[in-house]
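These notes concern the structure reproduced below.
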Number of protein chains: 2
Amino acid sequence: MPAREAARKLNESCRTWREQFPDLTSCPARDVMDYIGAKWSTLVLITLAQRSRRFGELKREIPEISQRVLTQTLRDLEQDGLISRTVFPTKPPSVEYSLTKLGTSLLIPLWELVSWANENHDKIRRARKRFKAAGK
Amino acid sequence: MPAREAARKLNESCRTWREQFPDLTSCPARDVMDYIGAKWSTLVLITLAQRSRRFGELKREIPEISQRVLTQTLRDLEQDGLISRTVFPTKPPSVEYSLTKLGTSLLIPLWELVSWANENHDKIRRARKRFKAAGK
DNA sequence: CGGGATCCCTGCCGATACTG
DNA sequence: CAGTATCGGCAGGGATCCCG
């Protein structure tokens, strides 16, 4: 799709939101942006992309995240139906997280975004340098 | 693209990041996620999508944003080369903001994401209700 | 093992007032 | 008109300790 068409469609959508959701916070797009923006959600989704994992596995694969925040992130994603949580009554109990169909379908637009990031990161970095060099 | 392939590609990319950017904060995807996650950036981008606007116009079209935050948002987007800022030495001075080519190209993946949001918002809302109903 | 509860702190965001 | 300057609230994120 050409950028021009994307622009037009976005504008149309945006106008619709305005009428449909006078309170912008209830706009559907906001919800999704929140995942994407949340510091760790996407990384968790990607980590779960190929196979389900247990809590400890996730923690080990993403050591930078704190336990508390991992728990919260998982709860949030579960709440919105992007991942599912299965408790096995072993001893001690083990809990497995996996992507739902909905969560998996999010990977497609997510991938588009990540591709864009990779392709354009150089330009962004250069723009930043120029900006700084201009004394701003 | 099927979801399965998106998953695979994301995993590959993710592994590459890990090696290339041991400090996750310097990962290219992070930068882009930050725009998307930033409360107002996308709305500003969309508003600029079809024609450039002056500061006051933007403020009027997005009344919910405060002046200070609008200024900051514009600065951030300008810094990364997504929008350009042109000062006309009229009296009083007027400033025009417009999308750059780079900024315009971001609209495409952004649109994909927004589409996904619109298509799946019902499922998300239902999942939330179920979650609450389950007493969590 | 997989969390819950608590404390704390930084940085986003907003309101208000002022300026070239 | 298009911003700066200043103050302050509050929520996201983190460290640490504790529990079944």
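The chains referred to below are lettered A, B, ... by the order of the sequence lines, with proteins before strands, and numbering in each begins at 1.
The NZ atom of B:Lys59 sits 14 Å away from the C1' atom of D:dC1 (whole-angstrom rounding). For A:Glu57 and C:dG2, the CD to C1' distance is 13 Å, given to the nearest whole Å. Between the CD1 atom of B:Ile62 and the C1' atom of D:dA2 there is a distance of 16 Å, rounded to whole Å. With rounding to whole Å, A:Glu78 atom CD is found 15 Å from C:dG2 atom P. One can place CG of A:Leu70 at 15 Å from C1' of D:dG12, the figure rounded to the nearest angstrom. Atom CD of B:Glu96 is separated from atom C1' of D:dC1 by 14 Å (rounded to the nearest Å). Rounded to whole angstrom, the span from the CG atom of B:Leu74 across to the P atom of C:dC13 amounts to 14 Å. As a whole-Å value, the separation of A:Tyr35 OH from D:dG12 P is 15 Å.
Residues B:Thr73 and B:Ser41 bring no donor and acceptor atom of their side chains to less than 3.5 Å of each other. Under 3.5 Å, the side chains of B:Asp80 and B:Tyr35 contain a donor-acceptor pair of N or O atoms. Between the side chains of B:Thr86 and B:Glu96, no donor-acceptor pair of N or O atoms lies under 3.5 Å.
Counting any heavy atom pair closer than 4.0 Å across all strands shown, B:Tyr97 reaches sugar-phosphate atoms only and no base atom.
Dense packing is recorded around NZ of A:Lys59, with more than 12 heavy atoms of other residues, nucleotides or ligands lying under 6.0 Å away.
The existence of a salt bridge linking A:Arg30 and B:Glu64 is excluded, since no basic side-chain nitrogen approaches an acidic carboxylate oxygen closer than 4.0 Å. Using a 4.0 Å cut-off between charged nitrogen and carboxylate oxygen, B:Lys39 and A:Asp34 do not count as a salt-bridge pair.
Evaluated for a salt bridge (Lys or Arg N to Asp or Glu O under 4.0 Å) with B:Glu12, the options B:Arg8, B:Arg15, B:Lys9 yield exactly one hit, B:Arg8.
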- How does protein contact run along nucleotides 13-20 of chain D, one letter per nucleotide 5' to 3', with B for base contact, S for sugar-phosphate only, - for none, heavy atoms under 4.0 Å? BBB-----

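Distances shorter than 4.0 Å separate none of the side-chain N or O atoms of A:Arg60 from OP1 or OP2 on C:dG2. Proximity of A:Arg54 to the phosphate of C:dG3: no side-chain N or O atom is located under 4.0 Å from OP1 or OP2.
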